[in-house]
Amino acid sequence: MKQILFPMTLICIILLAGCGGEKEASEKVLIYQENNEIIGEERDELVGEISPTIYEKIVRSNEGLEEIMLFPVERPGESVTPPAGRYTLQMVPVTGRVAIYDENDIPLLDEVIDGTQGAETVTVSLNGSHTVHVSGMMTVYLRPAQTELSSTLNAGIWEVGVDIEPGNYTVTAPTDIEMGYLQIFEEGKEPRVFEIINNPTRSTVEVDLEEGQILKITQIRYLNFE
């Protein structure tokens, strides 16, 4: 399924960008072909509205935090607001959807969970006012997450300099049947979005990660940074 979707991304860029003129279409196609980066309206659609709390610094000691077990919560029903901390969300069974909103009801994260080709777990920092909603799953466990530098990051939200060292990286998917997205956020700048897929016919994705940038990994189990 993922391999079928991949070439469609380029086709969609050509068709949608073409509405804005040949020059704009050519620029989008060239940038995508060079480094699998998606720009313009297609990027904005993938990113969507994002909560400014993505930039908040959350204390990561997780002192006093315990594992929380959630049962399915549907909007506009009951909301679950975990204490502030860093969590990894583990779903049982591994299929469904998890959405996290800030106190102004702006989404921080909205992820489809699919243990076969998509995300299996999600790691995210919550500020104590974020609400968590799940659907399609029997149970969700919120487990306090340990912070350590790594070059392998699963789906979720991460900070450069805290979760991964700054530097130049080649980013790859775990297998050639998986595809996902790497979004890079920096305050005051437009987000950058890269499509990640292991495919010998495509150029590798190269990124320069700088201290303080926020990474959001979606629609994939994890990404390797080499």
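This one's a predicted model, so the numbers in the text were calculated from it and none came from an experiment. This chain uses plain numbering: 1 for the first residue, then up along the sequence.
- There is a path of hydrophobic side-chain contacts, each under 4.5 Å, that joins V98 to L46.
- The closest side-chain heavy-atom distance from R43 to E190 is below 4.5 Å.
- Of all non-hydrogen atoms in G85 and L65, the two that sit nearest each other are CA-CD1, 3.7 Å.
- What you find for L149 and I164 is that their closest heavy atoms are CD2-N, 3.6 Å.
- Scanning for side-chain hydrogen bond (donor to acceptor under 3.5 Å, both in side chains) contacts around T88 gives T123, with sequence neighbours left out.
- For S61, there are no side-chain hydrogen bond (donor to acceptor under 3.5 Å, both in side chains) partners at least two apart in sequence or on another chain.
- Under the 4.0 Å criterion applied to side-chain N and carboxylate O atoms, R97 and E111 are not assigned as salt-bridge partners.
- E49 has its side chain within reach of P107: a pair of non-hydrogen atoms, C-beta onward, lies under 4.5 Å apart.
- Pairing each heavy atom of A155 with each of A119, the nearest pair is CB-CB, 3.6 Å.
- Linking Ile, Leu, Val, Met, Phe, Trp and Tyr residues whenever their side-chain heavy atoms come within less than 4.5 Å places V47 and L109 in a single cluster.
- Under a hydrophobic-cluster definition in which Ile, Leu, Val, Met, Phe, Trp and Tyr are linked whenever side-chain heavy atoms come within less than 4.5 Å, directly or via other members, I157 and I50 are assigned to the same cluster.
- At least one side-chain heavy atom of I68 sits under 4.5 Å from a side-chain heavy atom of P83.
- For T170, the side-chain hydrogen bond (donor to acceptor under 3.5 Å, both in side chains) test picks out E206, with sequence neighbours left out.
- Under the 4.5 Å side-chain heavy-atom criterion for Ile, Leu, Val, Met, Phe, Trp and Tyr, V162 and V160 are members of distinct hydrophobic clusters.
- Here F185 pairs with nothing under the ring pair (Phe, Tyr, Trp, His ring centres under 6.0 Å) rule; sequence neighbours left out.
- Checked against side-chain contact (heavy atoms from CB on, under 4.5 Å), L126 has the following partners two or more places apart in sequence or in another chain: P82, Y87, I100, V124, H130, V132, L142.
- In this structure, F71 belongs to a hydrophobic cluster whose other members, linked by side-chain heavy atoms under 4.5 Å apart, are M69, V92, Y141.
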Under 3.5 Å, sequence neighbours excluded: what are the donor-acceptor pairs made by side chains of residues 207-216?
from, atom 1, to, atom 2, distance (Å)
Q213, OE1, E210, N, 2.8
Q213, NE2, E186, OE1, 3.0
K216, NZ, L108, O, 3.1

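- Within the structure, salt bridge (charged side-chain N to carboxylate O under 4.0 Å, His left out) contacts touching residues 124-145 (residues at least two apart or in different chains) are E67-R143.
- Among residue pairs with one or both ends in residues 151-173, those qualifying as salt bridge (charged side-chain N to carboxylate O under 4.0 Å, His left out) are K57-E159, R60-D163, R86-D163; sequence neighbours excluded.
- Qualifying side-chain contact (heavy atoms from CB on, under 4.5 Å) partners for A173, counting only residues two or more places apart in sequence or in other chains: I196, N198, I220.
- Residues L182 and F225 are in side-chain contact: their nearest non-hydrogen atoms beyond the backbone lie under 4.5 Å apart.
- Counting all heavy atoms, side chain and backbone alike, M91 lies closest to L89 at SD-O, 3.4 Å.
- When all heavy atoms of I113 and E120 are compared, the pair lying nearest together is CG2-O, 4.0 Å.
- For S51, the side-chain hydrogen bond (donor to acceptor under 3.5 Å, both in side chains) test picks out T53, D102, with sequence neighbours left out.
- Between the side chains of H133 and T131, at least one donor N or O lies within less than 3.5 Å of an accepting N or O.
- Side-chain contact of E195 with N36: a donor-acceptor pair under 3.5 Å is absent, judged by distance alone.
- Within 6.0 Å of CD on E226 lie more than 12 heavy atoms contributed by other residues, nucleotides or ligands.
- In this view, F194 satisfies the ring pair (Phe, Tyr, Trp, His ring centres under 6.0 Å) rule with no residue, not counting sequence neighbours.
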